[in-house]
Number of protein chains: 2
Amino acid sequence: MKGKATSFDIAHHAGVSQSTVSRALRNSPLVNEETRARIHAIAKELNYKVDKNASNLRSQQSGTIALLLFQDPTSDDSQINPFFLSMLGSITRACTQKGYDLLVSFQELEDDWHADYEDCHKADGIILLGYGDYTDYEEKLIQLESQGTHFVRWGAVKEGQPGISIGCDNFQGGFDVTQHLIQSGRKNIAFIGGASKHCPEFFDRYNGSCHAIEKAGLKVNAKLQIEAITTEQSGYAAALQLLALKQPFDAVFCASDLIAIGVVKALRERGMEIPTDIAVVGYDNIPLSEFIRPTLTTVQQDTKLAGEVLVETLLDRINEKQVETTMLPAKLIVRESCGGKN
Amino acid sequence: MKGKATSFDIAHHAGVSQSTVSRALRNSPLVNEETRARIHAIAKELNYKVDKNASNLRSQQSGTIALLLFQDPTSDDSQINPFFLSMLGSITRACTQKGYDLLVSFQELEDDWHADYEDCHKADGIILLGYGDYTDYEEKLIQLESQGTHFVRWGAVKEGQPGISIGCDNFQGGFDVTQHLIQSGRKNIAFIGGASKHCPEFFDRYNGSCHAIEKAGLKVNAKLQIEAITTEQSGYAAALQLLALKQPFDAVFCASDLIAIGVVKALRERGMEIPTDIAVVGYDNIPLSEFIRPTLTTVQQDTKLAGEVLVETLLDRINEKQVETTMLPAKLIVRESCGGKN
DNA sequence: ATCAATAATGACACCGGTATCATAATTTAT
DNA sequence: ATAAATTATGATACCGGTGTCATTATTGAT
C-alpha cells in the first residue's frame with residue numbers, strides 16, 4: 001500500500017460506494033448497522049483517518065478555535081504572565097472536551113493581526129486574551145464584529161463594547177481587597193498598576209479600590225498610584241518610585257501578582273517587613289502566590305470556569321445562538337502578606 | 001456581495017482567469033508584475049483571504065505544527081509546569097517566525113492519543129513535550145516512526161531512541177550542581193525527583209549528581225533519593241519524607257524548581273535556615289526562581305534556543321532533510337539558596 | 001396484487017483552491 | 001523571414017471528502 005488510504009480504498013475493500021463509507025464513518029443512521037461495523041473495521045485496519053482539509057472544505061467548518069494571546073509589547077520574550085498561561089491551560093482543556101482543536105498564536109499589539117484565522121477557514125471562531133494597551137485594539141474589534149467574525153474577548157466587561165466579553169468583576173475585586181486592608185487598620189493604600197483607561201481591567205480594580213477608600217470615609221491620595229505593567233521587574237521599579245515619593249503609605253495593592261512579587265522584593269531589600277510595616281496584596285492568585293514568603297494575599301479569578309465559559313460562549317456564538325457578555329465573580333484570598341486575619 | 005469572496009470573484013473583477021489569480025496571490029514569478037499588483041489590490045479591497053482548507057487539500061500540506069504537551073497525570077488541572085509554558089512560548093514564537101501555525105493539545109499520558117494531527121492532515125509535523133512516566137510512550141513513538149510521521153521530541157537524549165530528540169544535557173547539569181555543592185563544603189546531598197528510568201531527564205540529572213559525588217571521593221547514599229513529581233506539593237511532601245528518614249543531609253538537589261519551592265517551604269516550616277542549615281538547588285530556572293526568598297540556585301535550560309531548535313529540526317524533517325538528535329548545554333545559575341559563592 | 005412508505009445505497013456535483021499541460025503573444029537567434 | 005525560446009495566461013483535472021438527489025430493495029397497507 002502506497003500513500004495514505006482514502007475513503008475510496010475502503011469502499012473498494014468493503015464492496016460498497018465511497019458515499020456509504022463516508023456516511024458510515026460519520027455514524028450516519030442511514031447506513032445499515034452491519035455495513036457500518038464492517039467499514040469501521042476496515043478503516044481501523046488500514047489506519048485510515050479522515051482528511052480534515054477535505055472534510056472541512058466541503059462542510060465549511062474547521063472544528064478548531066484560535067486563541068490570540070496579546071503580549072504586552074515591552075514584556076520579556078520568555079516570560080508570559082502565569083495567569084494567562086493558566087487560562088491557556090483551561091481553555092485548551094475546555095476545547096478538548098468539546099471536541100475542538102486549539103490554534104494558539106501570540107500577537108504583538110503593534111502587529112497587523114496577520115492571522116485572520118476565521119477568514120481563511122482555519123478556525124471557526126477566535127478567543128482574544130490579554131492585558132495591555134488597547135488603543136487601536138478596539139478599532140480592530142469593531143472591524144471583526146462588522147465582518148461577522150465569531151469572537152469572544154477576555155477582559156473588562158463594560159457597556160457599549162464591541163462584541164462579547166467575558167471577564168471577572170474587577171471593580172468588586174479591587175473593592176474587596178481595599179475594604180479588607182482598611183478593616184485591618186491600613187490607612188494609606190498605594191496602588192501599583194496601570195490605572196488608565198488603556199488597561200480597563202486595572203482601571204476597574206483601581207476604581208473599586210478608590211470606592212472602598214471613600215466609602216470608609218478616607219481620602220484617595222492620587223499620588224500613591226504608580227504605573228506598572230504586569231511583570232516582576234516593572235513592579236520592582238514601581239515600588240522604588242513609590243518609595244522615592246516620600247509619601248506615607250502602609251499598604252500596597254498591586255494590580256497583579258507578578259507586580260506584587262516585584263514589589264515585595266523591592267520593599268524587603270529596603271528593609272521593610274511585610275506585612276508588619278507594609279501590607280501587600282496582589283491579583284490573579286497565580287500558583288506561586290502561596291509559595292513565596294510571605295504568602296501573598298490576592299484575588300482569585302476562577303480560570304477553570306473562565307476557560308469553560310469562554311469556550312462555551314464562543315461555540316454558542318458560532319452556532320448562532322444568543323449569547324451575552326458575562327461577568328464572573330472575583331474572590332479575595334487572604335494570606336500572610338496583608339497582615340489581616342485569615 | 002454575499003458570502004466570502006473567492007478567487008473566482010477576483011478573477012472576474014480583474015478580467016483574468018482564476019488560475020492567474022491563484023498564481024498572483026502566491027507571488028509566482030510567472031505572472032506579469034502589473035497584473036499581479038492589480039490582483040493584489042482587488043484582493044485587499046474585497047478582503048479576500050485564501051481558503052486554507054482548499055489550499056491545503058490540494059497542496060497536501062497544512063502550514064501547521066501540532067504541539068502535544070504531556071501532562072503528568074497526577075498533576076493539578078490548573079497547574080502546568082512553568083518550564084513547559086516557557087517552552088510553549090518560545091515554540092509559538094519560533095513557529096510564527098517560520099510562518100507556521102501552532103496547534104496545541106494537552107494529552108493525558110493514559111489517553112489514546114486521539115489526535116493524530118498529521119494523519120488527518122491538520123498538521124505537517126508534531127512536537128512532543130513533557131516529563132512524566134514514559135512507559136508505553138516509547139511504544140507509541142515507534143509506531144509514529146514506522147508510519148513515517150514527522151515528529152521531534154523534547155527530553156532526554158539517549159542512544160537507540162526512536163525518532164529524533166532534542167534536549168539539554170541533564171547529566172552535565174546534575175553534575176555541575178553537585179560539584180558546586182561539594183565545593184561549597186556540602187557532604188550529604190539529597191536528591192528529590194523521580195530517579196527511575198521512567199523519567200529519563202530526572203534520571204540523568206541524578207546520575208550526573210552521583211557521578212560528581214563519586215568523583216569527589218564521597219559515597220552516594222541511596223536513601224537520600226526521594227521520589228517526587230514536578231509540583232510544589234510533591235516537593236513539599238517529599239521533603240517531609242526526607243526529614244522523617246533521620247538521615248543527615250546538608251543539601252537538597254531538586255529535579256525541578258517547582259519541587260525546590262515546595263522543599264524550601266517545608267524545610268523552613270520545620271525551622272531550618274536556607275542555605276545556612278541546608279542548601280537547596282532547583283532545575284529549570286523558571287522566572288520566579290529569582291523572586292523567591294532566598295533566591296534559588298538552579299540550572300538554566302535555554303528555552304528560547306530550545307524552541308527554535310525544536311521547530312527548525314522539525315521543519316527540516318518535514319522537508320526530508322537529514323536531521324540529528326541534538327543536545328543543548330545546561331548552565332548552572334548560582335544564587336542564594338545554595339550558599340555557594342556567586 | 002398494487003401502491004405508498006421506508007430503508008439502504010449509489011451517482012454525481014461541489015467545496016475553493018493548486019498543479020499541469022496547452023495555448024497565445026512576444027522576444028531572440030539564425 | 002522563420003524557427004526557437006521566453007513570457008504570460010487559460011483550460012482543466014484533481015485533492016478527498018460531504019450534500020443532494022436518484023435508484024433499488026424491502027415492508028406494510030389496502
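Letters A, B, ... are given to chains in the order of the sequence lines, protein chains preceding strands, and every chain is numbered from 1.
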Rounded interatomic separation in angstrom, taking [atom1] from [X] and [atom2] from [N]:
X        : N      : atom1 : atom2 : answer
A:Lys49  : D:dG16 : NZ    : P     : 16 Å
B:Asp119 : D:dG16 : CG    : C1'   : 15 Å
A:His121 : D:dC15 : NE2   : P     : 22 Å
B:Leu30  : C:dT18 : CG    : C1'   : 13 Å
A:Tyr48  : D:dG16 : OH    : C1'   : 7 Å
B:Asp9   : C:dG17 : CG    : C1'   : 13 Å
B:Phe8   : C:dG16 : CZ    : P     : 10 Å
A:Leu25  : D:dG17 : CG    : C1'   : 11 Å

Worksheet item: Taking the side chain of A:Thr35 as heavy atoms from C-beta outward, which of D:dT9, C:dT9, C:dG10 is closest to it?
Response: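 Closest nucleotide among those given: C:dT9.
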
Pair [X]-[Y], side-chain donor/acceptor within less than 3.5 Å:
X        : Y        : value
A:Asp101 : B:Tyr117 : yes
A:Ser62  : A:Asn56  : no
B:Glu118 : B:Thr149 : no
B:Gln143 : B:Gln147 : yes

Worksheet item: Roughly how far, to the nearest 0.5 Å, is CD1 of A:Ile42 from NE2 of A:His12?
Response: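 If I round to the nearest 0.5 Å, the distance is 11.0 Å.
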
Fill in: Verdict with reasoning, B:Tyr48 to B:Lys4, per side-chain contact (heavy atoms from CB on, under 4.5 Å)
CA-CA 7 Å; B:Tyr48 168 82; B:Lys4 305 272 182 203; over 6 Å; no

Worksheet item: Within the side chain of B:Ser55, is there an N or O that forms a donor-acceptor pair under 3.5 Å with the backbone of B:Asp51?
Response: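 No.
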
Discussion item. Please check: side-chain N/O of A:Arg26 versus main-chain N/O of A:Ser22, any donor-acceptor pairing under 3.5 Å?
Written reply: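 Yes, the answer is positive, given that a donor and an acceptor are paired below the 3.5 Å cut-off.
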
Response to the item:
With sugar-phosphate taken as primed atoms, P, OP1 and OP2 and all else as base, the protein-contact string of nucleotides 18-26 of chain D at under 4.0 Å (heavy atoms; B, S, -) is BBB------

Worksheet item: How sharply is the helix from C:dA1-D:dT30 to C:dT30-D:dA1 bent, taking the axes over five pairs at either end and rounding to 10 degrees?
Response: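 The end axes of the helix from C:dA1-D:dT30 to C:dT30-D:dA1 are about 40° apart, to the nearest 10°.
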
Worksheet item: Does any non-hydrogen side-chain atom of A:Leu128 lie less than 4.5 Å from one of A:Phe70?
Response: yes

Item to complete: Report yes if at least one side-chain N or O of B:Gln60 is closer than 4.0 Å to OP1 or OP2 of C:dA19; otherwise report no.
Response: no

